[in-house]
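This report refers to the structure that appears directly beneath it.
Note that the numbering runs from 1 along the sequence shown for the chain.
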Amino acid sequence: MDYETLGVTKIEELIAKSDYLVPNINKHDKEPSFDGNIEVYCKPGNTHNKADLIIRVPVQVKGSCKNKHPNTIPFSVDVSDLENYLAAGGAIFFVVYIDEDGDRKSAYYCELLPYTLKKICDEAKGHTTKTIHLKKFPTRKKDISNILLNFAADMKKQFPAISAESVSLDDLRKDGNPKELSFSYTDIEADKSNPIKYLFNHRIFLYATFEHGIKLPVGQIEGVSMASQVFYCPVSVGGQSFYDHCTIIHSKDGATCQIGAGITLSTDEKECKTNISLNLTGRLSERIRDLEFMIEALSNDGFSVNGIFVDLSTVSQEQRIAFNNSEAVDLLSLFKKIQKLLEILHVQNELDFSKLDKKSIRDLKMLMDSVIDNKEVSLVDTDASIGIVTVANLKILVCAAKQKSGLFMIHNFYNGSFAAKMVMTNGKEIDIPIGITLKRDALQKIDNADFNKIIDELNCFQKTTDVLEFTVLFLLEVIHAYDLQPEETKRTNLRDGATKIITWLKENDNNTSTEIHILNELQLIKRERGLTDSEMNILHEIIEDTKQEDIKTGAYLLLGDQLSAKRHFDRMEPTLRDHFIGYPIYHFWNNKEDGPNE
């Protein structure tokens, strides 16, 4: 039995079904690696114009006697053939299983494009053969057309990849330079209402755009399980806008609409009803907004997306009962109370509900009772009027005042009625703003460091020498706190707060030298970026004008001149050296472990 002839005939019969394809496959062909080609045209028809030819796809056909015809099969291919397919820009490898009677035939195929071939050839280095895996070739003419049309399009796109260095999605991530990613496909009987549907059962290539518009394949996806589309448009109820986008999530089972952090909307076309559910998740502000939206949307029997009304009148009574409106209102009221509390206490980060344990819930209730409801609460009496209360992920600095009853009232730390009394070395007692008494350990932890309120406090005090000196020391504590934080979790509010304090000092502090204010400003800038030429010129002018060794040392550190910094550091008095090592500008000294005196 001539299995090769039977195999080629089977492939020709299948290809001939398509109105887009013309097979040119030779029987008993002696040409190395190839048995012919399939002409792929962009327009259907019984005859084709030359101008409509997209490409000729090289093919190899093998016939084999097999009585069992599984869905996928392995086949050993000569590596030299694979290399020839790569040089040609790709090929489709066919294997036809034929039973021993010659009556039953099953065609299998493997699409070998440059992206795939380069990987296979890399894996086959040092070997003469390589096993590839083939799947059953379809028999429906639509599916046959789609396979060849998409292969032809990818073959043309991947010509640059034949000689180019391979690039993967992981390579793009490591590169850190975002590239435009794109994919496309052809479906001659596409579902235009849901173009994503095709991706669930087909393979696609991802292409990245590089310099000069060159596109290279960087990934292959087969059988997408889920895909999402983000639509940027207003989502509103009764004219009130709640969101600026919604997300459609597609899967094999259908599509759902995701709104906000936890609202899911789906339509049951058979039952002619809409399903909507709320899973409270996300940040406090997101939970509040989702609850407000659900309450309003159900009350109004619908909402609008980009002006198009979405009818919720068909939402079942069971679902409405499950989302008990009165309970939702009560929960919304509680969330808003928590939000009000955090605003009063100047908390700038969101409450993470996933970390809300029993102790956090008790402490949260205690804060609401005292701060919002003006109730006296029980606290362990430590004689300290300032403390940090931990609620889930938040560390909140508060003041506590003991009452005649022995209980306490908790106040916002930035309450203007509080001031700190400091005893100077000469025994003199002075009042200073409570905000500038904060130290680096507290500053790097707390979530309610409010520098606008601290500035307001400073403006309410006389600008005495003592207050100004304490403010300069506070600035150094803020910069230290910023440096103490891990790089991945640095809080920009500390950097921004230090900038505000520097600006206030430059406007109000005439006791501290201008050079020190400039060094503090520039050391903060240098933590974020390199200094400009004009900023470095300012430092050179300071070095020329000042006689203070500590200022010269700091200026040289900011200029990156370690040798000059060390020379002037060594000229300082021992006590001044010790002080200098404690300044945040010492952050810029290289090899701190060795010490500047080494």
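In this model, no donor atom of one side chain and acceptor atom of the other lie less than 3.5 Å apart for Thr575 and Asp578. A donor-acceptor contact closer than 3.5 angstrom links the side chains of Asp171 and Ser168. Of the N and O atoms on the side chains of Tyr115 and Lys119, at least one donor lies less than 3.5 Å from an acceptor on the other residue. Asp290 and Tyr243 share a donor-acceptor pair across their side chains, judged by distance under 3.5 Å alone.
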For a quick test of your reading: what N or O donor-acceptor pairs under 3.5 Å do the side chains of residues 459-466 make, sequence neighbours left out?
| residue | atom | partner | partner atom | Å |
| --- | --- | --- | --- | --- |
| Asn459 | OD1 | Trp504 | NE1 | 2.8 |
| Asn459 | ND2 | Ile455 | O | 3.3 |
| Thr464 | OG1 | Val467 | N | 3.2 |
| Thr465 | OG1 | Asn511 | ND2 | 3.4 |
| Asp466 | OD2 | Lys428 | NZ | 3.1 |

In a table with atom names and distances, give each donor-acceptor pair under 3.5 Å that connects a side chain of residues 435-442 to protein atoms at least two apart or in another chain.
| residue | atom | partner | partner atom | Å |
| --- | --- | --- | --- | --- |
| Thr437 | OG1 | Ile434 | O | 2.6 |
| Arg440 | NE | Glu477 | OE1 | 3.1 |
| Arg440 | NH2 | Glu477 | OE2 | 2.9 |

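Atom CZ of Phe183 has 12 or fewer neighbouring heavy atoms from other residues, nucleotides or ligands inside a 6.0 Å radius. Summarising the local packing, NZ of Lys365 is surrounded by 12 or fewer heavy atoms from other residues, nucleotides or ligands at distances under 6.0 Å.
In this structure Phe470 satisfies the ring-ring contact (aromatic ring centres under 6.0 Å, His included) test with no other residue, sequence neighbours excluded. In this structure, His480 has no ring-ring contact (aromatic ring centres under 6.0 Å, His included) partners at least two apart in sequence or on a different chain. Residues satisfying the ring-ring contact (aromatic ring centres under 6.0 Å, His included) test with His245, not counting sequence neighbours, are Tyr232.
For the side-chain hydrogen bond (donor to acceptor under 3.5 Å, both in side chains) test with Thr512, the passing option among Asn510, Thr514, Asp509 is Asp509; the others fail. Tested against Leu494, the residues Leu484, Leu443, Asp483 include a single side-chain contact (heavy atoms from CB on, under 4.5 Å) partner, Leu443. Between Phe231 and the options Asn306, Thr247, Ile248, a side-chain contact (heavy atoms from CB on, under 4.5 Å) holds for only Ile248.
In this structure, Gln403 contributes its side chain and Ala401 its backbone to a donor-acceptor pair below 3.5 Å.
Listed by first and then second residue, the side chain to side chain donor-acceptor pair (under 3.5 Å) pairs involving residues 158-167 are Gln158-Tyr207 (not counting sequence neighbours).
Side-chain contact check for Leu557 versus Gln562: some heavy-atom pair is nearer than 4.5 Å. Residues Thr264 and Asn279 form no side-chain contact, since every pair of their non-hydrogen atoms from C-beta on lies 4.5 Å or further apart. Side-chain atoms of Lys215 and Lys157, non-hydrogen and from C-beta on, never get closer than 4.5 Å to each other.
The CG atom of Asn349 sits 7.0 Å away from atom CG of Asn493, with the distance rounded to the nearest 0.5 Å. One finds the CD atom of Gln229 at 10.0 Å from the SG atom of Cys246 (value rounded to the nearest 0.5 Å). Distance NZ/Lys337 to CE/Met368: 5.5 Å, rounded to 0.5 Å.
Under the 6.0 Å distance and 45° angle rule, Arg527 does not count as a cation-pi partner of Tyr482.
Aromatic ring pairs are classed by plane angle as parallel below 30°, tilted from 30° to 60° and perpendicular above 60°; the pair His579 and Tyr583 is parallel. Ring pair Phe451/Phe474 is tilted by interplanar angle, where 30° to 60° counts as tilted.
Between Leu522 and Leu531, the closest heavy-atom pair is O-CD2, 3.9 Å.
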Original post:
Going through the distances and angles, do Ile396 and Asp447 end up as a side chain to side chain contact (heavy atoms under 4.5 Å, CB included)?
Top reply: CA-CA 6 Å; Ile396 307 169; Asp447 292 276; 5.6 Å; no

